[in-house]
Number of protein chains: 8
Amino acid sequence: MNSEIKDILQAVQSGGMSVDDALLRIKTQPFEDIGYAKVDLHRKVRQGAAEVIYGAGKTAEQIIGILKTLTNNGQKNILITRLDQEKADAISHETPLTYYPAAKVGIVGEIAVPGGIGTIVVATGGTSDIPVAEEAALTAEFLGNNVTRLYDVGVAGIHRLLTHSKELMSASVVIAIAGMEGALASVVGGLVDCHVIAVPTSVGYGAAFGGLAALLSMLNSCASGVSVVNIDNGFGAGYLASMINHMEAK
Amino acid sequence: MNSEIKDILQAVQSGGMSVDDALLRIKTQPFEDIGYAKVDLHRKVRQGAAEVIYGAGKTAEQIIGILKTLTNNGQKNILITRLDQEKADAISHETPLTYYPAAKVGIVGEIAVPGGIGTIVVATGGTSDIPVAEEAALTAEFLGNNVTRLYDVGVAGIHRLLTHSKELMSASVVIAIAGMEGALASVVGGLVDCHVIAVPTSVGYGAAFGGLAALLSMLNSCASGVSVVNIDNGFGAGYLASMINHMEAK
Amino acid sequence: MNSEIKDILQAVQSGGMSVDDALLRIKTQPFEDIGYAKVDLHRKVRQGAAEVIYGAGKTAEQIIGILKTLTNNGQKNILITRLDQEKADAISHETPLTYYPAAKVGIVGEIAVPGGIGTIVVATGGTSDIPVAEEAALTAEFLGNNVTRLYDVGVAGIHRLLTHSKELMSASVVIAIAGMEGALASVVGGLVDCHVIAVPTSVGYGAAFGGLAALLSMLNSCASGVSVVNIDNGFGAGYLASMINHMEAK
Amino acid sequence: MNSEIKDILQAVQSGGMSVDDALLRIKTQPFEDIGYAKVDLHRKVRQGAAEVIYGAGKTAEQIIGILKTLTNNGQKNILITRLDQEKADAISHETPLTYYPAAKVGIVGEIAVPGGIGTIVVATGGTSDIPVAEEAALTAEFLGNNVTRLYDVGVAGIHRLLTHSKELMSASVVIAIAGMEGALASVVGGLVDCHVIAVPTSVGYGAAFGGLAALLSMLNSCASGVSVVNIDNGFGAGYLASMINHMEAK
Amino acid sequence: MNSEIKDILQAVQSGGMSVDDALLRIKTQPFEDIGYAKVDLHRKVRQGAAEVIYGAGKTAEQIIGILKTLTNNGQKNILITRLDQEKADAISHETPLTYYPAAKVGIVGEIAVPGGIGTIVVATGGTSDIPVAEEAALTAEFLGNNVTRLYDVGVAGIHRLLTHSKELMSASVVIAIAGMEGALASVVGGLVDCHVIAVPTSVGYGAAFGGLAALLSMLNSCASGVSVVNIDNGFGAGYLASMINHMEAK
Amino acid sequence: MNSEIKDILQAVQSGGMSVDDALLRIKTQPFEDIGYAKVDLHRKVRQGAAEVIYGAGKTAEQIIGILKTLTNNGQKNILITRLDQEKADAISHETPLTYYPAAKVGIVGEIAVPGGIGTIVVATGGTSDIPVAEEAALTAEFLGNNVTRLYDVGVAGIHRLLTHSKELMSASVVIAIAGMEGALASVVGGLVDCHVIAVPTSVGYGAAFGGLAALLSMLNSCASGVSVVNIDNGFGAGYLASMINHMEAK
Amino acid sequence: MNSEIKDILQAVQSGGMSVDDALLRIKTQPFEDIGYAKVDLHRKVRQGAAEVIYGAGKTAEQIIGILKTLTNNGQKNILITRLDQEKADAISHETPLTYYPAAKVGIVGEIAVPGGIGTIVVATGGTSDIPVAEEAALTAEFLGNNVTRLYDVGVAGIHRLLTHSKELMSASVVIAIAGMEGALASVVGGLVDCHVIAVPTSVGYGAAFGGLAALLSMLNSCASGVSVVNIDNGFGAGYLASMINHMEAK
Amino acid sequence: MNSEIKDILQAVQSGGMSVDDALLRIKTQPFEDIGYAKVDLHRKVRQGAAEVIYGAGKTAEQIIGILKTLTNNGQKNILITRLDQEKADAISHETPLTYYPAAKVGIVGEIAVPGGIGTIVVATGGTSDIPVAEEAALTAEFLGNNVTRLYDVGVAGIHRLLTHSKELMSASVVIAIAGMEGALASVVGGLVDCHVIAVPTSVGYGAAFGGLAALLSMLNSCASGVSVVNIDNGFGAGYLASMINHMEAK
């Protein structure tokens with residue numbers, strides 16, 4: 001942002017821009033206001049970079065409006081999360097959309113070529129955690145990562161997890177997804193020496209309290225290298241894992 | 001209780017007891033009322049059986065009073081839990097007492113000869129859980145059990161736990177004691193095929209919320225065969241483990 | 001597990017197994033990976049042993065897939081919990097299934113011949129607790145136990161409970177199931193000298209907070225010998241009761 | 001209050017009072033403002049009626065100031081609750097005070113002659129609940145009631161409670177005081193046919209959460225005729241019990 | 001209960017009853033076991049006394065079964081609470097039933113002739129609290145009380161409440177029903193000198209947390225003479241009010 | 001109120017009003033009792049002043065009844081909040097109603113001419129907060145205020161908010177509406193020097209806990225000049241903003 | 001902030017400032033960084049304007065350091081909140097300080113001349129709420145407002161509050177401070193037609209849960225025009241009241 | 001771990017190791033059991049690697065014992081967290097220790113030479129958050145990272161934060177530490193495109209609930225790339241930041 005301001009100031013100094021225009025520019029937003037949303041065009045800088053729309057709490061019409069604003073500004077690849085089948089159908093009438101019902105994820109355009117430092121492992125405690133895991137895995141794949149899925153490796157049968165120690169050991173990031181008691185994050189955290197992103201899920205009943213038990217368990221993990229995102233936030237975990245997997249010196 | 005009532009009724013029928021005496025007897029309590037406490041003498045039936053006093057919230061004077069009532073009624077061996085050093089000193093002036101400061105447990109009389117179906121394993125997640133573990137272990141030993149202590153075997157270093165799989169596999173009951181995320185219970189529950197009594201502890205900080213995180217984690221254990229007692233309730237776990245370890249057909 | 005490793009090592013030493021094969025064997029999992037689940041085949045060792053599938057959060061297709069994997073591996077008797085009528089119907093088209101709608105439990109194969117140390121008593125505070133109680137009772141019966149049902153014996157009419165003191169006194173384990181204030185566990189715990197497994201239920205309204213009141217009440221029971229499982233976890237209680245009722249020296 | 005307004009209006013009508021004086025009188029407060037407190041003189045109507053000062057959160061100086069205002073207005077008998085020893089000593093230097101350390105209650109003047117419809121029973125689950133119980137019992141006695149104390153009759157040893165069924169059956173009100181799981185209220189509520197005022201106490205540890213477990217348990221009592229006051233609110237229970245015990249037709 | 005036991009003992013003494021018969025009688029329950037419920041026949045003693053069935057969580061078939069058991073034992077007047085329209089219709093086909101949809105209450109037989117010490121006032125904070133209030137009012141009327149309804153007198157317009165000070169002042173018991181902030185109980189408690197039974201309701205949204213805000217508010221009432229029942233527990237309040245309104249010396 | 005009482009007293013003094021009439025008048029309510037509601041007519045004093053009906057928890061019939069009472073008493077402009085489409089349709093059959101579905105607000109009569117000290121800014125963190133924002137904005141407009149809407153200016157893209165610093169700086173009151181982490185209120189509070197009314201919304205999932213996270217965040221705002229209303233309480237914020245925007249010296 | 005940027009841009013345009021200097025100035029902070037704090041000098045614009053230091057969690061040395069930075073920058077009048085006696089003494093050795101122990105407030109310099117639209121009323125439910133009230137009242141006075149204190153006017157004795165209706169009616173803002181059930185805010189909100197700032201306090205015990213009960217009660221106030229600040233946040237309420245009381249058209 | 005097992009198996013195959021020795025080796029733990037702790041020696045592999053001791057809940061004697069075990073096994077550099085002054089003094093008598101009182105951190109040996117991908121920025125909302133921040137910063141420095149401290153840059157004065165956008169933009173990881181409403185994490189998350197590790201602190205009062213408000217706020221962050229560790233867990237954040245900052249391809 002500094003360099004942009006400097007450019008503007010130099011234009012003013014050189015007489016190439018009026019004071020009022022400069023003031024306007026400094027304040028001009030890198031987004032487009034379509035009434036119900038300020039569509040972020042910040043990441044448009046590089047041709048083809050990816051964009052994300054959080055679909056929950058938005059009508060199909062609103063999502064279509066945002067999609068149009070993005071594509072009009074040159075976005076080719078867009079991920080839509082928390083998208084139910086009905087909205088996906090409505091959107092498909094307007095624009096080509098690949099829909100993944102298990103993950104409730106829709107993708108406009110293409111998934112990026114995999115890259116990054118290494119592989120991202122997505123592990124779940126049980127079968128019921130798979131929808132959250134798929135949201136995480138698809139997000140990471142969309143953003144250009146190799147993803148290994150290890151599903152149903154909960155700690156009550158620790159041998160199921162230990163069998164996959166090779167995949168775990170060689171991961172650059174592990175996303176550990178579990179409901180109920182959420183112990184998976186701690187056990188994985190003790191096995192690997194990379195970052196473990198813990199995702200509590202709302203899977204369970206009674207004293208699971210909608211994911212609270214798993215959330216607290218993960219926050220209190222006695223293993224170092226574990227951090228936590230919101231309950232059921234597969235997207236957040238996938239996005240963060242990709243960010244870490246693509247780290248490079250600045 | 002049925003047989004006692006029957007005895008009384010037969011005594012009435014035979015004329016050996018008046019109606020009013022019988023009524024009195026049926027209602028006579030198997031405890032002694034010393035004002036601030038109804039001292040339970042129920043278990044006095046067999047000479048030498050053990051008694052337990054919960055020391056918290058009672059003054060040294062009250063504990064001494066209850067001890068006297070018990071010993072006057074033939075109790076020789078009495079366990080006092082949640083007993084701080086100061087009260088233990090005061091009691092020691094009145095009656096011989098073996099005091100275990102780490103467990104805050106005092107014992108009048110003797111520890112029972114070990115017996116039961118097998119060995120009780122007491123495992124902790126960390127070093128800070130040891131006071132609760134010692135309360136559990138001493139309770140079980142006092143009641144006549146062989147106890148194996150496995151301390152600091154938390155799941156963040158799963159190899160520390162797996163090293164002791166032999167002791168765990170051969171236990172008749174395992175008491176799994178952990179604070180923070182409380183994952184120990186689930187992992188142990190997945191390894192063994194005996195009852196795992198989970199004891200959450202108030203060890204931890206922040207989102208541990210005084211043991212709530214471990215408690216919820218243990219209640220939601222995905223392993224079968226796990227049940228839970230109150231936070232920091234080492235006595236309850238030790239008592240229950242002994243009860244199970246001494247089961248016999250009725 | 002130790003003996004298995006020893007066998008493998010001896011085979012290596014004797015030249016009967018290559019190093020790479022041994023490494024593979026040591027790491028080979030006692031389960032079958034069918035993508036969305038790692039089906040545990042651990043208990044398959046003895047012909048005919050029982051298996052359990054937790055039905056909630058799994059599609060009928062997934063359950064059928066797990067059933068097939070189990071039966072292909074020799075399992076004859078399988079218990080499915082949290083199974084609604086619709087899924088039960090779908091499964092019935094594939095394999096013979098006995099369905100118990102009150103308990104939402106389905107059974108493939110046969111219930112084991114009753115055995116164990118003694119009788120398991122399943123008691124409820126009210127009529128509305130019966131579905132949880134039936135899940136517990138059927139689980140215990142499926143695993144080979146004699147079960148006595150005492151329903152609607154809540155503490156507000158203590159005489160209803162005391163009438164059954166004979167059944168309670170002679171139980172090897174009591175499962176005390178109650179919502180609302182959950183006092184049943186404490187009162188039963190004070191009457192019997194065996195393990196009381198307390199199951200809070202989500203029955204009630206207002207300050208019952210979905211079973212929280214009963215859960216806290218049971219965790220704080222002033223009676224010794226009481227431990228607690230998750231809210232509405234009838235299966236867990238039945239499984240644990242069976243485990244205790246079948247204890248034997250190792 | 002209506003009759004007072006009517007008297008004033010008639011005085012205005014008859015010319016015995018000016019409009020401004022009447023306005024003043026209608027608004028004149030039945031309390032005295034001493035800056036940090038509006039001392040209520042409402043109940044002063046009948047010579048010798050009792051007054052109550054809640055001692056917590058007030059300095060000894062403030063309590064003495066309120067006492068003086070009350071005695072200057074003819075109050076002879078005053079109950080001070082939540083009064084610690086230190087403040088009691090400071091007050092004693094100014095005015096004769098009978099102090100009950102177990103209940104943290106101080107009384108200026110005299111306890112009323114016992115009366116009312118019947119006897120108030122104050123029952124506790126354990127020994128540690130006695131301070132709350134004494135606050136309740138002394139309050140009821142101060143306000144003119146016969147009080148029967150039944151301490152340490154918790155439900156884990158139900159025979160201790162049943163032994164006293166005669167006292168319970170003949171009570172006009174029962175105050176059931178318990179911490180931990182608070183089941184006493186439900187069991188008593190099922191035994192008697194009078195009002196049971198339940199007082200949860202902060203006695204306990206871990207999942208007792210400072211009385212929350214007992215509070216929720218009592219609010220969910222399955223027994224009819226039970227209502228609840230705040231945690232540790234012995235005074236409130238004693239006051240309410242006295243109010244009910246002195247009911248008469250209006 | 002004492003007198004019953006004494007009668008039995010005298011019969012034994014006189015030879016009019018065998019020991020075994022006496023034992024049976026002492027243990028014989030004053031209820032009838034119909035499988036899913038132990039129907040309480042305790043209050044049947046006086047011809048025509050009222051009975052109550054809690055309808056929630058019971059099927060229409062179960063309610064009909066309990067009704068039959070009661071009427072077969074001489075009960076003529078029965079109150080059914082938490083009864084939805086559908087179940088009411090099903091029951092109506094079996095037995096004459098007066099159904100009050102606003103209160104979700106059904107009555108078999110007749111409402112008792114009003115009596116007691118005085119009038120019971122049922123006050124609500126708003127219009128939305130009326131269903132709970134009607135449950136309370138109908139319960140009290142069914143049990144033989146004069147009831148005055150004061151609806152929508154919440155404290156945000158204190159003049160609406162003060163207008164009715166005459167009715168409030170002359171009540172023997174006031175039931176104060178309010179959701180949201182639940183302040184009604186405190187204000188009423190400061191106006192009257194009789195027992196105020198506070199009923200928090202689940203009316204409200206957001207930080208009302210399903211009645212929790214009103215519940216805590218009422219438990220912390222700074223007015224003396226207030227006690228609280230469960231959220232939405234109109235029946236409990238009406239039952240308790242009737243009990244207090246019919247107090248008489250024992 | 002004082003002046004009204006004085007008028008009455010003077011009428012009594014002058015003989016122009018009897019004592020009983022005066023008593024009646026002093027107690028006469030400024031509302032009309034229509035059974036299920038006490039319709040407040042207090043604000044009717046000035047011709048045409050606005051009235052508000054909270055629609056949730058009231059039937060269409062009740063709302064129509066209240067509307068009639070108000071219009072019969074001269075109210076022309078009435079705002080109805082929390083009004084769903086179905087009830088709005090039913091009301092429209094009886095009286096002309098302008099319905100705003102996004103805000104679930106209905107208006108009878110007209111919106112007041114805008115006035116007050118300045119402009120009210122209504123800002124939201126995201127698109128999903130718009131329904132609450134529209135309730136706030138329409139309420140403020142109905143009560144006669146100029147409203148500027150700034151939607152989807154959440155803090156995760158702080159430049160979207162800073163772009164509008166001019167509108168924010170010149171507001172007389174800002175209503176900051178946000179779910180999830182609710183940080184908008186703090187950031188806005190740090191930018192402006194007017195009152196910020198924070199409205200947490202129930203938008204979000206998982207650890208948002210129905211608006212609790214945003215509520216706590218806003219209550220703990222480190223910015224001065226921020227106060228909070230209930231979760232989703234757009235009306236309350238709009239009403240309060242209007243009150244402040246119309247302040248004048250008394 | 002816009003005008004400052006415009007000035008800089010014009011200086012660049014006119015050649016009076018280099019591009020790099022301009023960039024520096026645009027980014028130059030209106031605060032001074034003293035390592036452990038960024039001292040805000042934003043409000044220094046007008047000579048003599050007031051500053052506030054939040055004293056909790058800062059050492060006396062840190063506070064003295066911030067004071068010096070402020071006075072070096074021309075601040076004469078500074079309010080320090082949450083200042084205990086010990087720190088106040090330490091500060092007094094460095095700079096003249098007026099300390100108010102009841103409010104834990106210290107003032108350097110002078111209190112502003114009272115002004116604003118009208119009077120601010122500070123009302124408390126009880127005597128124990130006075131410390132919070134004094135923090136609010138002193139803050140408002142320091143910022144230049146007339147303050148009327150109404151202490152101990154809780155709703156349990158509603159006549160104490162109604163007596164002061166004149167002061168309440170004529171207030172420009174009312175700060176309603178109460179612990180326990182916090183009903184004061186609703187009752188005051190129903191009496192006045194100005195903004196009521198509700199301050200829950202941590203006064204109370206048991207189910208007051210450290211102010212949570214009062215907080216929830218106030219958030220759910222059924223009176224319009226009420227908003228809430230954090231528990232015990234007297235400063236925030238006083239600051240906000242002053243802001244509103246000094247509103248003027250922009 | 002695989003390669004170690006393979007080595008052992010090859011030694012067995014070659015006859016260089018007996019079966020029993022191999023079994024022992026496979027099970028031999030990479031830790032030393034000193035009774036109260038299993039000291040992890042896992043990371044000892046590379047000479048001079050760092051070790052960490054969590055000091056809370058351990059006695060000085062226990063810490064010294066663990067230190068000796070570690071140094072005996074070749075560890076030179078050891079970090080001790082949550083170490084109070086008193087224990088630090090005791091340890092200093094045994095071994096040279098550099099103690100940082102603000103962070104309650106002690107270091108034996110040396111801080112590693114800084115390296116990694118880039119710089120770690122540690123930012124706090126206020127002055128009171130500095131102890132947690134120092135724990136994080138010292139941990140990261142100890143593990144070999146360049147750390148930039150930005151303290152007191154809370155969002156209520158957003159310009160304080162924006163001034164440092166350069167440091168934030170160029171960070172490889174940002175640790176955002178804040179109590180109260182915890183909004184710092186979201187605002188920073190929206191400014192940077194690297195991982196933001198959010199650390200809620202227990203700073204605040206009232207509805208901060210010991211860090212719960214900040215924790216929930218951070219978990220619900222609307223910014224992508226944010227994850228959360230436990231309340232006050234400065235060590236965990238510093239450790240994780242270092243791990244990410246030292247990522248390299250495997």
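Below, read A as the first sequence line, B as the second, and so on, with proteins coming before strands; counting in each chain starts at 1. Values in this document were obtained by computation on a predicted structure and should not be read as measured data.
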What are the two closest non-hydrogen atoms of [X] and [Y], and how far apart are they?
X: N220(C); Y: A213(D); answer: ND2-CB, 3.3 Å
X: E181(C); Y: S217(D); answer: CB-O, 2.9 Å
X: A207(D); Y: L216(C); answer: O-CD2, 3.7 Å

Just give me the residue among G190(D), A183(D), C222(D) that pairs up with chain C most often, heavy atom to heavy atom, under 4.5 Å.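 Top option by heavy-atom pairs under 4.5 Å: C222(D).
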Top residue by heavy-atom pair count (under 4.5 Å) with chain C, among S221(D), A223(D), G189(D)?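 Between S221(D), A223(D), G189(D), the count favours S221(D).
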State the CD1-OG distance between I158(D) and S165(C), to the nearest 0.5 angstrom.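 Those atoms lie 12.0 Å apart.
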Does any non-hydrogen side-chain atom of V155(D) lie less than 4.5 Å from one of V155(C)? no
Could you tell me whether the side chain of L162(D) reaches within less than 4.5 Å of the side chain of L162(C), counting heavy atoms only? yes
So what's closer than 4.5 Å to chain D heavy atoms on Y205(C): side chain, backbone, both or neither? backbone
More than 12 heavy atoms of other groups within 6.0 Å of Q85(D) CD: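 Yes, the 6.0 Å shell around CD holds more than 12 heavy atoms from other groups.
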